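Notes to accompany the following structure.
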Amino acid sequence: MRQYISKSLMLLFFSVVICCGIYPAVLWVIGQNIFPFQANGSMVEGPDHKPVGSLLIAQPFTKDEYFQPRPSAASYDGSASASSTLAASNYLLRNRVATTLGPIVKYKSGPKAGQLVAPDIEAWFQQDQYMGQPHIVSQWADAHNGLVQAWVTADPTHGQYVDDWAKKHVSVVQQWIKNNPGTPQPKAPDLAVVFFETFSKENPGRFPSAVTHQAGGKTITTIEPVKDGTDIQSNFFDLWRQEHPAADLQDVPGDMVTTSGSGLDPHITLENAEYQVDRVSSKWAQDLKRDPGQVHQEIEQMLQQHEIVPMHGIWGEKIVNVLELNLELRNRYGAPPA
């Protein structure tokens, strides 16, 4: 009996030493000496020589001067890799796709062929009419309770804005409590729908959106009623589309509106990047006060230099790494204006 136990312990000892000590140590030495960049997470540095991210994990870019990655069901959180599980019948999926399309989709034919739909969405929104009824924001809120609650919780400034509104509209809040006795002390998300209903009546053709001001050398962001901007283009594209079903719009690359299996795919297709070139180049030309055509040509050359052909073209489409491409833009043109 003792003999069997000693042999088992010896086998356990050697297994632990080999599998948990020698094998990882050998791989670490090989990785650090032959593949140090990949072994340390493929981290890249910005112009200030500080790490800005990994070439293996997507991250969001919000400025128009940069290329945008694929949507992420994990909110680009490397510790929460996940794919979207929304069914095709789920309105949250339709809304996510619509909000992506609003600022970027273009007309396919007609007198405005090649032009963005966004200005027409804004002009339509400012009329404050949907299906012949007034107060478009109120109608949007009534039809999509989950979306308006998500708007309130999306940013602390949104919740504070609703809280400030509640203090100025005590009678409205009291009436809401009377209609909902189970919630005697409502929080900002609880009041989301009634907030938008009241806001729509008081600010026709306007939407609460973040506005940045410069004051005393500091950048201050506040929520204000606005009549244009990406919030309107995104949130109301779906309603605009329902009222304009005959509008002939361009198709967009699939990976512009679909998430990857991990939610962290760092690459986009070259077709996706080409679709974004007009926006990126025109914004840089505006910032730098340069000829738009020349900047467009320079960025097109960047795409060609950074394109990747998987397996030498045996399968898959041409792709580009978004972080790598945006770092090249930053190195060439500097930092975008704040």
Side-chain angles (χ1 to χ4, degrees), residues 90-105 107 110-112 115-155 157-180 183 186-211 222-249:
N90 192 315
Y91 185 80
L92 291 177
L93 176 61
R94 179 184 177 92
N95 179 71
R96 181 175 62 74
V97 172
T99 55
T100 301
L101 291 175
I104 63 173
V105 73
Y107 287 105
K112 294 185 178 181
Q115 297 182 26
L116 289 171
V117 173
D120 288 344
I121 298 175
E122 294 172 343
W124 165 82
F125 173 82
Q126 292 162 17
Q127 296 174 9
D128 199 33
Q129 292 279 329
Y130 175 66
M131 298 298 181
Q133 300 297 319
H135 308 310
I136 185 174
V137 172
S138 178
Q139 294 185 64
W140 170 75
D142 289 339
H144 310 114
N145 295 5
L147 297 183
V148 297
Q149 290 180 339
W151 181 91
V152 174
T153 59
D155 190 287
T157 58
H158 295 179
Q160 185 60 52
Y161 188 78
V162 176
D163 288 338
D164 293 340
W165 166 87
K167 295 176 183 178
K168 299 176 182 178
H169 296 77
V170 177
S171 61
V172 176
V173 175
Q174 290 178 343
Q175 182 61 47
W176 186 93
I177 295 174
K178 183 178 180 180
N179 296 334
N180 300 271
T183 311
K187 304 296 184 181
D190 300 321
L191 299 172
V193 174
V194 70
F195 158 73
F196 276 104
E197 291 174 345
T198 307
F199 179 93
S200 183
K201 296 175 182 177
E202 296 176 347
N203 303 275
R206 299 292 188 273
F207 188 79
S209 186
V211 179
T222 59
I223 304 298
E224 301 176 11
V226 301
K227 63 178 181 179
D228 50 30
T230 54
D231 279 351
I232 292 171
Q233 298 164 11
S234 299
N235 289 313
F236 295 93
F237 170 73
D238 189 27
L239 297 184
W240 176 89
R241 186 56 169 155
Q242 292 178 37
E243 277 210 343
H244 301 80
D248 190 17
L249 307 182

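Keep in mind the model is a prediction, meaning the values are calculated, not measured. Heads up: numbering here begins at 1 and tracks the sequence.
Pairing each heavy atom of Pro111 with each of Gln115, the nearest pair is O-NE2, 4.1 Å. Gln139 and Pro134 get closest at one heavy-atom pair: NE2-O, 3.1 Å. The two residues Asn235 and Trp140 make their nearest non-hydrogen contact at O-NE1, 3.8 Å. The shortest non-hydrogen separation linking Ser200 to Ile136 is OG-N, 4.1 Å. Pairing each heavy atom of Pro189 with each of Val152, the nearest pair is N-CG1, 3.8 Å. Heavy-atom minimum distance, Gly102 versus Ile121: O-CD1, 3.9 Å.
Going from atom CG of Leu249 over to atom CG of Leu116 covers 11.0 Å, rounded to the nearest 0.5 Å. Note that CG of Leu147 and OH of Tyr91 are 6.0 Å apart. Values are rounded to the nearest 0.5 Å. In this structure, CH2 on Trp165 lies 4.5 Å from OG1 on Thr198, to the nearest 0.5 angstrom. With rounding to the nearest 0.5 angstrom, the CD atom of Glu122 is 13.0 Å from the CZ atom of Phe207. Distance OH/Tyr130 to CH2/Trp240: 13.0 Å, rounded to 0.5 Å. Between the NE2 atom in His135 and the CD atom in Gln129 there is a gap of 9.0 Å [rounded to 0.5 Å].
Among pairs with a residue in residues 187-205, none fulfils salt bridge (charged side-chain N to carboxylate O under 4.0 Å, His left out), at least two apart in sequence or across chains. A salt bridge (charged side-chain N to carboxylate O under 4.0 Å, His left out) check over residues 129-138, counting only residues at least two apart or in different chains, returns nothing. Sorted by first then second residue, the salt bridge (charged side-chain N to carboxylate O under 4.0 Å, His left out) pairs that include residues 225-241, not counting sequence neighbours, are Arg94-Asp238.
Put simply, the side chain of Phe237 does not reach to within 4.5 Å of the side chain of Thr99, judged on heavy atoms. Counting heavy atoms from C-beta outward, Phe236 and Val137 have side chains that approach closer than 4.5 Å. Looking only at side-chain heavy atoms (C-beta outward), His244 and Val117 stay at 4.5 Å or farther from each other. Within the 4.5 Å cutoff, the side chain of Val148 has no heavy atoms near those of the Phe195 side chain.
Taking the six-membered ring where tryptophan is involved, the planes of Phe196 and Trp151 are perpendicular, since the angle between them exceeds 60° and thus also 30°.
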Evaluate the criterion side chain to side chain contact (heavy atoms under 4.5 Å, CB included) for residue pair Leu239 and Trp124; output intermediate values, then yes/no. CA-CA 10 Å; Leu239 297 184; Trp124 165 82; 3.6 Å; yes
